[in-house]
Amino acid sequence: MITFRGGIHPPEFKHLAENKAIEVMPPPRQVVIPCSQHIGAPAKPVVAVGDEVKVGTLLAEATGMISAPVHSSVAGKVKAIEPWPHPVLPTPVKSIIIEAAGKDELDCAIKPRSEAEIARLSAGKIREIVRDAGIVGLGGAAFPTSVKITPPRGVKIDTLIINGAECEPFLTADDRLMREKPEGIIQGAKILAKVLGLDTAYIAIEHNKPEAIKVMTEAAAKVWPQAEILTIKTKYPQGAEKQLISAILKRDVPRGGLPFMVGVVVQNTGTAYAACEAVTQRKPLYERVVTVTGPAINVPKNLLVRIGTLSTDVAEHCGGLKPNATKFISGGPMMGIAQSTLDVPVIKGTSGMLFLNDKKSLFKIAEEVNCLRCGKCVGVCPMGLVPCEIARMGEYEKLEQAERWGILDCIECGSCAFVCPSGRRLVQWIKYGKTLVFAERSRKKEKK
Ligand code: SF4
Ligand code: SF4
């Protein structure tokens, strides 16, 4: 079966939520919408405290080449614009706080575009719609989609891959979306392919999602028979885009490079669906599907949540936390980020919220001992790196050496730490090293 080199098979806990249909969470009383929810420059607020807004009102506009606007997810009044804790960034981020008025009035024109209108849209116009709707990669990376579907001049894209791997244990949001909205995803894939000048796409789904494979195959036959549904092996991190490209096309993205360099664009299934909604229904991205799961939440669910909803409200909607809850991770257990507060909002890149207790924690923090030189971490690294060495270089701040050994190519998948018998904090030291390398680069740039 199609797969990539390296990788691991962590225990799966998808059964907790995979059979829970997507439930719409009612809009909360207050939302906190960060101006930075994407890779690139933060958006700049265009509203002021006291302004009335509706669902879909533009709150902050994109600034610069790589950026994305943000929109209101509730109707109400802007209560404050101030720094607020963020689920991904280490320090509080400028956020627009809106008190909901109780009515769910929409600002966006709801009148859907007809098929004929959609067919007449040029590639440039679709890019503009996708950009104005604030769509970013919903798999977690949150790279602005309009930028991703605009390859550099002279670059020919020959393949579009829609990523339905969802390889993180516990997460089921993409699985549910594929099972419940297959036609919208296929339609979105067709729209994105049109922008790239392609007349087909691969839709890759791990073989642990048989129902999704079945309904997506049926939907493709109806909506866009040129789309090819590919069943790929269940292996972590199969959903990382470089691994997906390697598995499907046997092409290696060069070190430090991006998929367009090998003629490929990869988009998550949720992103394809959001693009479909933006183009066909003129809907900006103000809500997304989130898996709320783990042994320490009372009722695991897949929820359609308004962006800016606080995690504490989401947890409450899922019956609250069990008394033995010890850890809250935004995202999956492998690549998600442990949080110090439940006051962080759901953002565009929030694919899951995981509540763990000590018993079921995948990563029990074992006491760290010296490296045994067993080589297990090398065997599983999907990027072909030597994790034990680059982690050591990060720890001891040997930055030039770490760069030569490819520390910046680490995708932070955690596979190495997962198999390490010595409890080495490999990803922690690699992340530390990467931060120092980037800081050194900006210091040198400023000096010039
Ligand atoms: S070194 Fe990076 S890419 Fe390789 S296994 Fe470890 S976390 Fe993943
Ligand atoms: S898996 Fe752990 S103990 Fe083995 S070589 Fe890598 S860092 Fe060392």
Side-chain angles (χ1 to χ4, degrees), residues 25 31-43 59-60 62 66-71 73 84-96 130-131 133-149 162-168 170-177 188 237 239-241 266-275 277-278 284-293 302-311 314 328-339 341-354 411-414 431:
M25 180 175 165
V31 289
V32 177
I33 302 185
C35 293
S36 191
Q37 301 186 40
H38 48 267
I39 289 179
L59 296 178
I66 302 181
S67 186
V70 296
H71 301 81
S73 58
W84 192 280
H86 192 278
V88 174
L89 299 171
T91 51
V93 163
K94 185 187 279 183
S95 303
I96 300 168
V130 167
R131 186 191 63 219
I135 297 173
V136 302
L138 297 190
F143 193 85
T145 303
S146 61
V147 180
K148 221 171 170 188
I149 55 174
I162 302 298
N163 183 355
E166 198 169 52
C167 58
E168 273 271 12
F170 283 98
L171 300 191
T172 55
D174 287 352
D175 183 16
R176 288 308 317 186
L177 194 67
E241 53 184 21
V266 181
Q267 294 287 355
N268 168 265
T269 45
T271 315
Y273 186 68
E277 287 197 310
L285 181 58
Y286 60 77
E287 58 187 358
R288 67 154 298 150
V289 181
V290 179
T291 304
V292 188
T293 187
N302 294 292
L303 284 180
L304 184 64
V305 185
R306 301 291 171 100
I307 303 294
T309 304
L310 294 181
S311 304
V314 177
F328 163 38
I329 294 175
S330 177
M334 302 298 292
M335 291 186 81
I337 298 176
Q339 305 293 315
T341 170
L342 274 171
D343 273 343
V344 289
V346 166
I347 60 172
K348 294 175 185 178
T350 308
S351 50
M353 291 169 54
L354 177 58
I411 56 169
E412 300 174 13
C413 68
K431 280 188 180 181

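As the structure is a computational prediction, the values presented were derived from the model and not from experiment.
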As a test of understanding, state which of [options] forms a side chain to side chain contact (heavy atoms under 4.5 Å, CB included) with [X].
X: E287; options: L304, V305, T309, V346; answer: L304
X: V130; options: T145, V147, T271; answer: T145
X: Q37; options: L285, T350, V88, I347; answer: I347

For residues [X] and [Y], report the shortest heavy-atom separation together with the two atoms involved.
X: P87; Y: Q339; value: O-NE2, 2.7 Å
X: A173; Y: E166; value: N-OE2, 3.0 Å
X: S67; Y: H38; value: OG-NE2, 3.6 Å
X: M335; Y: I411; value: CE-O, 3.0 Å
X: V32; Y: S95; value: CG1-CB, 3.7 Å
X: V31; Y: S73; value: CG1-OG, 3.6 Å

As an exercise, state the distance from [atom1] of [X] to [atom2] of [Y], rounded to the nearest 0.5 Å.
X: E241; Y: Q267; atom1: CD; atom2: CD; value: 8.5 Å
X: D174; Y: E168; atom1: CG; atom2: CD; value: 11.0 Å
X: T293; Y: L354; atom1: OG1; atom2: CG; value: 6.5 Å
X: F328; Y: L342; atom1: CZ; atom2: CG; value: 6.0 Å
X: T269; Y: L177; atom1: OG1; atom2: CG; value: 6.0 Å
X: L138; Y: N163; atom1: CG; atom2: CG; value: 11.5 Å

Would you confirm whether K148, through its side chain, and G137, through its main-chain N or O, come within 3.5 Å as a donor-acceptor pair?
no
Test item: W84 side-chain N/O and I33 main-chain N/O as donor-acceptor pair under 3.5 Å:
no
Test side-chain contact (heavy atoms from CB on, under 4.5 Å) on L89 and S36; report intermediate values, then the result.
CA-CA 9 Å; L89 299 171; S36 191; 4.0 Å; yes
